[in-house]
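All heavy atoms count here, side chains included; hydrogens, waters and symmetry mates do not. To find a chain, count down the sequence lines: A is the first, B the second, and so on, and within it residues start at 1.
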Number of protein chains: 2
Amino acid sequence: MAITHTQPRFSSKLTSQCQNCSLSALCLPIALADEDINRLDQIIERKKPLKKGEFLFRQGDNFDSLYAVRSGTLKTYNITSLGEEQITGFYCPSELLGLSGIDSSSYPVSAKALETTTVCEIPFSHLEELSTQIPSLKHQIFKIMSRKISDDQQMMVLLGKKNADEKVASFLLNLSNRFKRRGYSASSFRLSMSRGEIGNYLGLAVETVSRVITRFQKNELIHVDGKEIEIVNFEEMQKLVGVAHDCDKIAHF
Amino acid sequence: MAITHTQPRFSSKLTSQCQNCSLSALCLPIALADEDINRLDQIIERKKPLKKGEFLFRQGDNFDSLYAVRSGTLKTYNITSLGEEQITGFYCPSELLGLSGIDSSSYPVSAKALETTTVCEIPFSHLEELSTQIPSLKHQIFKIMSRKISDDQQMMVLLGKKNADEKVASFLLNLSNRFKRRGYSASSFRLSMSRGEIGNYLGLAVETVSRVITRFQKNELIHVDGKEIEIVNFEEMQKLVGVAHDCDKIAHF
DNA sequence: CTGGTAGCCTGACACAGATCAATAAACTTA
DNA sequence: TAAGTTTATTGATCTGTGTCAGGCTACCAG
């Protein structure tokens with residue numbers, strides 16, 4: 001929830017980092033009183049960076065904390081009964097991980113860094129306590145969890161109904177939106193995950209992801225150079241995804 | 001959260017229905033003090049039954065309330081940009097609907113009754129208020145939302161990685177577990193949804209669902225008579241799904 | 001520099017499941 | 001009861017994507 005963009009500093013003497021954090025508008029969309037932000041700030045621990053491939057937590061670990069991404073990217077994944085990995089999400093700066101652990105008191109997924117990554121740790125018991133004292137904070141947590149539920153359901157629609165082109169286009173536009181929200185370019189960004197990880201996440205084979213991306217480039221929808229992506233033709237991409245504009249089609253039976 | 005199994009009664013004079021409700025153990029897994037149950041009870045409205053095909057709420061409606069299913073079944077679904085419906089969940093007695101509406105203040109899905117259905121309405125603003133006064137209630141809401149997030153992620157694994165047989169087997173065993181938890185037979189139950197709705201939910205064509213079910217019957221995994229299902233060979237069904245037993249295979253890299 | 005590894009791309013082919021079509025069964029309404 | 005409608009089943013065929021196999025490139029360690 002509270003994130004700073006400054007260089008990692010580990011002194012607990014630094015308070016009010018959330019206020020200075022360029023991402024706090026995203027973490028705390030409903031402005032808390034200054035005093036409340038301070039209180040929130042005090043329960044948050046800034047952790048030392050994870051290197052690529054390191055775990056933030058593992059499936060089965062005791063649940064203690066939520067984590068807000070400060071910089072870098074992580075993936076969460078399940079291990080299926082066959083021992084394969086199924087990626088359930090990618091997490092960019094300002095996004096919150098670990099919500100699925102609250103219920104069972106252990107994390108039902110593993111979280112691994114895709115690159116050098118820093119996070120803020122938010123001990124859940126403290127957060128919960130604080131949320132008793134600050135109703136707007138509690139409301140904010142409800143909203144964040146609710147949002148996660150809607151987003152996951154959109155993902156279910158994608159996995160259940162879309163073809164390969166639509167999946168990849170949705171994925172790229174989704175990333176684009178997330179970068180945009182953070183103040184970065186919506187049209188030009190770097191993929192921190194491999195083609196294999198994209199395919200895993202979207203329910204596609206690596207080869208299919210590769211072919212679709214190549215074809216998109218051939219059709220001048222995007223420009224690709226390895227992990228660098230530039231979205232050239234937003235309009236066509238959105239048509240592929242099926243944007244909400246043509247919602248007049250929607251009937252309520 | 002609070003549900004009664006008695007015949008529908010609409011007098012607001014009836015208090016403490018939650019205590020008498022055979023489902024309350026499911027709604028209130030962490031026992032609230034009697035006094036707290038009463039307070040919860042007082043904010044809950046028992047609504048008149050929905051007939052098959054009627055809406056509980058529609059995509060875009062203002063979000064006001066959560067709903068707990070008392071009897072019957074509902075489905076929730078999205079309308080995709082092409083105007084098709086994508087079912088995102090089925091809801092049986094004791095289960096809670098509407099969580100995805102908290103974030104955006106309008107429901108992002110529609111909820112429709114699959115048969116005659118009664119629900120308890122829980123005005124969210126009241127619930128939130130009450131949760132400020134009763135920390136264990138707040139905790140319970142966090143847990144329920146967290147559980148929903150884990151469940152949806154399991155569904156993403158199913159949609160992304162499983163084949164038709166595994167999907168249908170998972171679906172049937174999932175229903176079986178839910179009936180069992182409610183004290184009904186785990187092996188013998190009635191599907192309240194059509195084959196088309198099952199297919200839609202699982203990302204399969206109707207014909208595929210039909211064929212898989214027929215084949216399961218041929219192989220004596222289940223016995224089917226229209227909407228009546230009997231699971232005959234649990235062990236084989238669980239093998240199909242890939243139960244968690246063979247988790248020694250799982251490596252943590 | 002060399003060899004090794006991992007990621008990515010591309011082509012050929014196979015197959016699970018979609019689609020199309022026709023019939024049968026179940027339910028609805030009059 | 002019959003007529004009409006929806007739902008389920010079954011068979012025949014088609015197709016999008018997975019699978020397999022090969023090669024290319026980039027990067028790292030020695």
Is the backbone of [Y] close enough, under 3.5 Å, to the side chain of [X] for a donor and an acceptor to pair up by distance?
X        : Y        : result
A:Thr214 : A:Ser210 : yes
A:Ser150 : B:Ser100 : yes
A:Asn219 : A:Leu221 : no

Just by distance, no angles: are the side chains of B:Arg181 and B:Asn177 close enough, under 3.5 Å, to form a donor-acceptor pair? no
[X] [atom1] - [N] [atom2] separation (whole Å):
X        : N      : atom1 : atom2 : value
A:Asn200 : D:dT19 : CG    : P     : 12 Å
A:Asn163 : C:dT19 : CG    : P     : 11 Å
B:Lys161 : C:dA16 : NZ    : C1'   : 16 Å
B:Glu228 : C:dC27 : CD    : P     : 11 Å
A:Lys167 : D:dG16 : NZ    : P     : 14 Å
B:Leu204 : C:dT19 : CG    : P     : 11 Å
A:Asp225 : C:dG7  : CG    : P     : 18 Å
B:Leu202 : C:dA16 : CG    : C1'   : 16 Å

Would you list the protein and nucleotides 7-11 of chain D atom pairs, both N or O, that sit under 3.5 Å from each other?
residue	atom	partner	partner atom	Å
D:dA8	OP1	B:Arg195	N	3.2
D:dA8	OP2	B:Arg195	N	3.0
D:dT9	OP1	B:Arg195	NH2	3.4
D:dT9	OP2	B:Arg195	NE	2.9
D:dT9	OP2	B:Ser210	OG	2.8
D:dT9	O5'	B:Ser210	OG	3.2
D:dT10	OP2	B:Thr214	OG1	3.0
D:dG11	N7	B:Arg211	NH1	2.9

Please list, chain by chain and in numerical order, all residues satisfying salt bridge (charged side-chain N to carboxylate O under 4.0 Å, His left out) with B:Glu54, sequence neighbours excluded. none
Could you label the plane-to-plane angle of the B:Phe179 and B:Tyr184 rings as parallel, tilted or perpendicular, counting under 30° as parallel and over 60° as perpendicular? perpendicular
For A:Phe171, which of A:Leu158, A:Val212, A:Leu202 qualifies under side chain to side chain contact (heavy atoms under 4.5 Å, CB included)? A:Leu202
Inter-axis angle, terminal five-pair segments of the helix from C:dC1-D:dG30 to C:dA30-D:dT1 [nearest 10°]: 50°
Please lay out, stage by stage, how A:Ser170 and A:Lys162 fare under the test side chain to side chain donor-acceptor pair (under 3.5 Å). CA-CA 9 Å; A:Ser170 298; A:Lys162 297 190 177 181; 3.2 Å; yes
Looking across every strand, which nucleic acid part, if any, lies under 4.0 Å from A:Gly199 by heavy atom: base, sugar-phosphate, or nothing? nothing
Work out which heavy atom in A:Tyr77 is nearest to a heavy atom in A:Gln59; give both atom names and the distance. O-OE1, 3.9 Å
